[in-house]
Amino acid sequence: MNMTAEVDVRLPDGERRLLQAGIGEWSGSARCSPGLALLLEFGSCDHMEAWLPGAQRALAAGDSLLPRDWRRCLVLTELAFASDVLGSGCEWSTTTGLSDAETVVLLRIVQRRLAPFVFDDRGSAAATGARRPSEAAQAVRRRVPWPARTRHSEWAGVAPDGYAVLLASDVHERNGLGLELYDPAGHLVMDAFRDDDRGELSLTVPSGEGVPLPVAEWFIRSARERLGSRGPSPAGRRSWLRAQRR
């Protein structure tokens, strides 16, 4: 990754608003410190404060940013939301209008989406110290169709043989949580879904293409571990019983 070239990350509106809210807190209730400024490669808190308006404008316009600036936006948002000492903490939902529950979902998605761009050439992030995704994970992720990555989903890593996995929520056509398996070319090949209304786990093979048995076995084990089974919701149980009586 060239850390001196700007990167165009196509963030959906909700994710972009999260970062705008996160860095916006540092002009309000969040408090900079010399240590934080140094951590984010600013010369001082004054330097950071001078950087904030330009970053806000870039996010609002959907402009490209340097990897270092994407990293700054992410870390400042993480701290603003989670830290009651440095950031907004308990006041977050009041000052941003974003609930804690909504923020957690969006933040996890943004963290996964920005992961390939916020690390230096040594495979580490100067500001976060986080682990860089493998080259295989990044390559497969780039091939997964964009619409699949703009829903309420999280990048869940790479399965055996270079297959990719997404963890996705669905509250529109069906109510529950799904785990999706993509082949190395980015095609959806298996879909495990936990129906929260009926409390059932199901498995479908949308493409009809064959999946290597070790990969399929791994995926099924992962689906059981990640999705589990909560049992039907009260509303779902009532709806199912009514349907059985008809």
Q. Cation over ring, Arg72 on Phe42, under 6.0 Å and within 45°?
A. yes
Q | Residue pair Thr204 / Phe193, side-chain heavy-atom distance below 4.5 Å | A | no
Q | Qualifying side chain to side chain donor-acceptor pair (under 3.5 Å) pairs, either residue in residues 21-35, two or more places apart | A | Glu25-Ser29, Glu25-Ser88, Glu25-Thr95, Ser29-Ser88
Q: Return the set of residues passing side chain to side chain contact (heavy atoms under 4.5 Å, CB included) with Asp13 (not counting sequence neighbours), or none when no residue passes.
A: Arg17
Q. Between Leu74, Leu36, Leu40, which is the residue that forms a side-chain contact (heavy atoms from CB on, under 4.5 Å) with Leu79?
A. Leu36
Q. Hey, what do you get for CG (Leu201) to CD1 (Ile220), rounding to the nearest 0.5 Å?
A. 11.0 Å
Q.
If I compare all heavy atoms of Ser64 with all of Asp8, which pair ends up nearest, and what's the gap?
A. OG-CB, 3.4 Å
Q: Nearest 0.5 Å please: distance from the CZ atom of Arg71 over to the CG atom of Leu76.
A: 11.5 Å
Q: Hey, could you give me the CZ/CZ distance between Arg113 and Arg10, rounded to the nearest 0.5 Å?
A: 9.5 Å
(Q) Between Asp195 and Glu200 (side chain of the first, backbone of the second, donor and acceptor by atom type, cut-off under 3.5 Å), is there such a pair? (A) no
Q) Less than 4.5 Å apart, any side-chain heavy atom of Phe219 and any of Leu179? A) yes
Q: Compare every heavy atom of Gly87 with every heavy atom of Ala30, then report the nearest pair and how far apart it is.
A: CB-CA, 3.8 Å
Q. Closest heavy-atom contact between Arg68 and Glu41?
A. CG-OE2, 3.9 Å
Q.
Please find the pair of heavy atoms, one from Cys32 and one from Ala37, that lie closest to each other, and give the distance.
A. SG-CB, 4.2 Å
**Q.** Student check: side-chain heavy atoms of Phe81 and Leu98 closer than 4.5 Å
**A.** no
(Q) In the structure I gave you, are the side-chain heavy atoms of Glu180 and Met190 within less than 4.5 Å of one another anywhere? (A) no
**Q.** 4.5 Å side-chain heavy-atom contact, Val205 and Val189
**A.** no
Q.
I need the single residue from Val110, Val75, Leu11 that forms a side-chain contact (heavy atoms from CB on, under 4.5 Å) with Trp70. Which is it?
A. Leu11
Q.
I'd like to check Leu65 versus Val7 (side-chain heavy atoms, cut-off strictly below 4.5 Å). Are they in contact?
A. no
Please list, one pair per line, the donor and acceptor atoms closer than 3.5 Å that link side chains of residues 48-62 to other protein atoms, with sequence neighbours excluded.
| residue | atom | partner | partner atom | Å |
| --- | --- | --- | --- | --- |
| Trp51 | NE1 | Asp69 | OD1 | 2.9 |
| Gln56 | NE2 | Gln20 | O | 2.9 |

Q: Taking the side chain as every heavy atom from C-beta outward, state whether Val211 and Asp183 have any atom pair closer than 4.5 Å.
A: no
Q) By side chain to side chain contact (heavy atoms under 4.5 Å, CB included), which residues pair with Ala82, not counting sequence neighbours? A) none
**Q.** Any residue meeting side chain to side chain contact (heavy atoms under 4.5 Å, CB included) with Pro214, in chain and number order, not counting sequence neighbours
**A.** Pro212
Q: Determine whether Ile109 and Val105 make a side-chain contact, defined as any pair of heavy atoms from C-beta on separated by less than 4.5 Å.
A: yes
Q. Are Trp218 and Leu203 in one and the same hydrophobic cluster, where Ile, Leu, Val, Met, Phe, Trp and Tyr link if side-chain heavy atoms are under 4.5 Å apart?
A. yes
Q. So which heavy atom on Leu107 is nearest to which on Glu78, and how close?
A. CD1-CG, 4.1 Å
Q: Measure the SG-CG distance between Cys73 and Leu19 for me, rounded to the nearest 0.5 Å.
A: 6.0 Å
Q | Atom pair OG1/CZ of Thr103 and Arg108 - distance to nearest 0.5 Å | A | 11.5 Å
Q.
Under the rule for side-chain hydrogen bond (donor to acceptor under 3.5 Å, both in side chains), what residues qualify as partners of Ser222, not counting sequence neighbours?
A. none
